[in-house]
Amino acid sequence: MADIVSPKVRSRMMSGIKGKNTKPEIMIRKALYSKGFRYRLHNSKLPGKPDLLFPKYGAVIQINGCFWHKHECHLFKWPKSRKEFWHPKLMRNQQKDEENNQALEELGWRILTVWECALKGKERLEFDELISKISRWLKSDSESLEIRGASRA
């Protein structure tokens, strides 16, 4: 299927997508703050500039978009146009995520990845349930964890 907007318009639309302070990130931040968790944002001294940094808990949280980080879920679809551009870009994003997570772990940080599909789409979790999972993980000694949408299969 051909794109319904011109390449120039599509380029402008894609360049307008934010990398930080996204709606999912702000929703999670506000909910955690209201539960008494205090954090730092986008620490540029750490690999990958984690979205949320919790020094008290030795933890970081990454809130990843399923498209941009190539998550294998119902929200990710390979683009049909410009495959020569998108395939290497998305594969590199995924590789950088792995490298950054490994570097964070080597520095002693615990990592929680919250996927966009946990917040939206047909497999989203109840928001209160999601925040409870995050809160329990922060207070625990558990290492890395991923929270994704619920499989309805």
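FYI, the numbering just counts along the sequence from 1.
- Remark: side-chain polar atoms of Arg110 are paired, donor with acceptor, to backbone N or O of Leu138 under 3.5 angstrom.
- Among pairs with a residue in residues 134-146, those fulfilling side-chain hydrogen bond (donor to acceptor under 3.5 Å, both in side chains) read Glu105-Ser144, Trp115-Glu146, Ser140-Ser142, Glu146-Arg148, at least two apart in sequence or across chains.
- Heavy-atom contacts from other residues, nucleotides or ligands closer than 6.0 Å to CZ of Arg40 number 12 or fewer.
- A donor-acceptor contact closer than 3.5 angstrom links the side chains of Gln95 and Glu99.
- Enclosure of atom CZ in Phe127 by more than 12 non-hydrogen atoms of other residues, nucleotides or ligands within 6.0 angstrom is indicated.
- Put simply, the side chain of Lys70 does not reach to within 4.5 Å of the side chain of Asp97, judged on heavy atoms.
- Residues Phe54 and Leu130 fall within the same hydrophobic cluster, defined by Ile, Leu, Val, Met, Phe, Trp and Tyr side chains chained together at heavy-atom separations under 4.5 Å.
- In this structure the side chain of Leu41 reaches within 4.5 angstrom of the side chain of Leu52, judged on heavy atoms.
- Of all the heavy atoms in Lys45 and Asn43, the pair that sits closest is N-OD1, 2.8 Å.
- Ring-plane geometry between Trp86 and Phe67 is classed as perpendicular, the angle between the planes exceeding 60 degrees on a 0 to 90 degree scale with a lower cut at 30.
- Residues Ile61 and Asp51 fail the side-chain proximity criterion, which asks for heavy atoms closer than 4.5 Å.
- We find that Glu126 and Arg124 are not joined by a salt bridge, their nearest charged nitrogen and carboxylate oxygen being 4.0 Å or further apart.
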